[in-house]
2 protein chains.
Amino acid sequence: MGLSERKEREKLELKNLILDAARKMLLAHGQDGLSIRKIADEIEYSPATIYLYFADKDAILHELMEMGFGVMNEYMKDSFKEKDPIKRIHSIGHAYILFGLENKDWYELMFNSDKPMKHIEKCCEDWDQGMAMFAFLTQTCKEAIEQLKIENVEDHILALHLWSSVHGLVNLSLTERLEIVQRNSSHELIGKTLDAIIKTIFRK
Amino acid sequence: MGLSERKEREKLELKNLILDAARKMLLAHGQDGLSIRKIADEIEYSPATIYLYFADKDAILHELMEMGFGVMNEYMKDSFKEKDPIKRIHSIGHAYILFGLENKDWYELMFNSDKPMKHIEKCCEDWDQGMAMFAFLTQTCKEAIEQLKIENVEDHILALHLWSSVHGLVNLSLTERLEIVQRNSSHELIGKTLDAIIKTIFRK
DNA sequence: CAAATATAATGAACACTGTTTAGTAAATGG
DNA sequence: CCATTTACTAAACAGTGTTCATTATATTTG
């Protein structure tokens with residue numbers, strides 16, 4: 001038996017060293033500034049070594065994506081606790097947008113890259129954190145619909161309505177399209193729009 | 001004077017030859033499959049020659065982006081003619097989504113890439129077609145608000161609500177996030193969601 | 001303990017990418 | 001016909017992800 005406990009630990013340590021360097025590079029220079037060779041340089045190993053711990057660059061990006069959901073959870077954990085479903089939706093929406101605007105590179109990895117989604121079989125396990133979040137939103141929508149006795153509205157359609165709205169707002173802002181059509185502070189505009197959306201949906 | 005009429009025409013012809021090869025490559029292999037060197041190969045010129053006609057790759061992508069708005073206009077021209085503002089919004093929304101889903105590479109270039117938007121001074125001229133479209137949507141929203149006598153809703157906020165919703169839906173679909181959270185036909189789901197959004201906004 | 005084996009790491013190469021520059025060939029103007 | 005401008009390109013630079021034969025190290029076995 002060649003795999004002693006210590007060996008296994010060391011193997012994991014180098015893997016984490018790689019991921020840590022990758023994370024720092026992502027935050028410092030974005031996805032474009034993240035390269036295998038630079039990671040190798042940073043941790044003082046050869047580029048080839050990285051391929052002993054990860055299949056390819058996508059595998060690294062994928063693990064970073066999962067870390068991103070951890071960061072996002074920090075933004076949303078208070079919102080999840082909110083008792084009133086409508087207030088909860090409101091709070092989740094604002095937290096989602098704030099996370100997106102303040103963490104462009106995480107957001108890109110989690111919601112815009114199609115790299116980690118290459119194989120549809122695998123992705124349903126891989127994106128389980130995202131799925132769980134959407135399931136929670138759908139549940140919240142169900143509660144809101146029941147509480148306000150809104151008719152002819154399906155919970156999963158409403159959830160998608162909300163998700164696509166905030167996702168659209170975040171993307172329009174991150175790619176600077178909002179700055180183009182509306183010169184003044186887009187951050188404020190986004191908040192106002194989200195408030196208007198929720199007000200529209202839940203008006204009597 | 002060295003610049004005869006014929007010379008000028010020939011210069012433009014090569015520029016168009018480059019753009020044409022670029023367009024074909026974009027549609028055939030996506031933005032990742034589009035490279036200066038491959039274009040040069042295709043038109044049987046050296047890569048350096050391309051830099052006599054375009055400052056850099058971004059300049060080519062930028063011109064392609066403008067062509068993209070032409071393609072989009074084809075999808076939307078009938079919607080623009082619609083007299084009733086609410087029906088017009090509905091029609092524009094569906095046309096927008098259809099264009100996005102059927103033209104991933106154009107859409108990416110026009111609405112997701114931040115490459116052509118590097119300089120905020122220039123972009124306001126460069127994205128004038130996008131701005132014009134948004135202005136038209138805002139105008140349509142104004143008409144709809146007046147017709148239905150909806151209170152406490154600003155036209156540009158409503159326009160942004162609509163734009164972000166369809167933009168979000170298109171992006172979620174193009175990056176396969178919809179397929180993950182909802183296994184069945186996302187095309188149908190998107191249509192249903194858009195209908196629900198508009199119904200929600202304009203209900204009495 | 002030494003030899004055989006298994007593991008870990010790498011140097012160098014491959015096939016790409018965008019971009020620049022110095023130098024060449026051809027067309028034009030005097 | 002020669003000088004000058006114009007059009008073009010070969011080659012190089014600095015990157016990228018990835019692979020593989022080879023080497024160095026550590027472990028296990030005879």
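Every chain is numbered from 1 and lettered A, B, ... according to where its sequence line falls, protein lines coming before strand lines.
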To the nearest angstrom, how far is [X] atom [atom1] from [N] atom [atom2]?
X	N	atom1	atom2	answer
Phe54(B)	dT20(C)	CZ	C1'	18 Å
Tyr45(A)	dG11(C)	OH	C1'	17 Å
Gln31(B)	dT17(C)	CD	C1'	14 Å
Leu14(A)	dA8(C)	CG	C1'	10 Å
Leu61(A)	dT18(D)	CG	C1'	15 Å
Asp32(A)	dG18(C)	CG	P	14 Å
Ile50(B)	dT9(D)	CD1	P	10 Å
Tyr51(B)	dA12(D)	OH	P	18 Å

What's the closest nucleotide to the [X] side chain, out of [options]?
X	options	answer
Leu52(A)	dT9(D), dC20(D), dA9(C)	dA9(C)
Lys57(B)	dT19(C), dT10(C), dC8(D)	dT19(C)
Pro47(B)	dT19(D), dT10(C), dT19(C)	dT19(C)

Check for me whether the distance between the ring centres of His161(A) and His161(B) falls short of 6.0 Å.
yes
Flag yes if more than 12 heavy atoms outside Lys104(A) fall under 6.0 Å of its NZ atom; otherwise flag no.
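Correct, the count exceeds 12.
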Compare side-chain N and O positions of Thr49(A) against OP1 and OP2 of dT10(C) and report whether any pair is under 4.0 Å apart.
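Yes, within the criterion.
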Are Tyr53(B) and dC8(D) close enough that a side-chain N or O sits under 4.0 Å from OP1 or OP2?
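True: Tyr53(B) side-chain N/O within range (under 4.0 Å) of dC8(D) OP1/OP2.
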Scan residues 192-203 of chain A for pairs that pass salt bridge (charged side-chain N to carboxylate O under 4.0 Å, His left out), counting only residues two or more places apart or in two chains.
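Output for this query lists Lys192(A)-Glu154(B).
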Looking only at the side chains, is there a donor atom on one of Asn171(A) and Tyr107(A) sitting less than 3.5 Å from an acceptor on the other?
no
Does a donor on one side chain and an acceptor on the other come within less than 3.5 Å for Ser165(A) and Ser164(B)?
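Per modelled atom types, Ser165(A) and Ser164(B) side chains form no pair under 3.5 Å.
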So which of residues 35-44 of chain A are in contact with DNA chain C, with a heavy-atom cut-off of under 4.0 Å?
Arg37(A)
Nearest-nucleotide check on DNA chain D, Leu34(A) vs Ala48(A); residue mapping nearer the 5' end is Leu34(A)
Hey, is the main chain of Ala196(B) close enough, under 3.5 Å, to the side chain of Thr200(B) for a donor-acceptor pair?
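Yes.
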Kindly indicate whether the side chain of Leu61(A), heavy atoms from C-beta on, has any atom under 4.5 Å from the side chain of Leu26(A).
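Not in contact.
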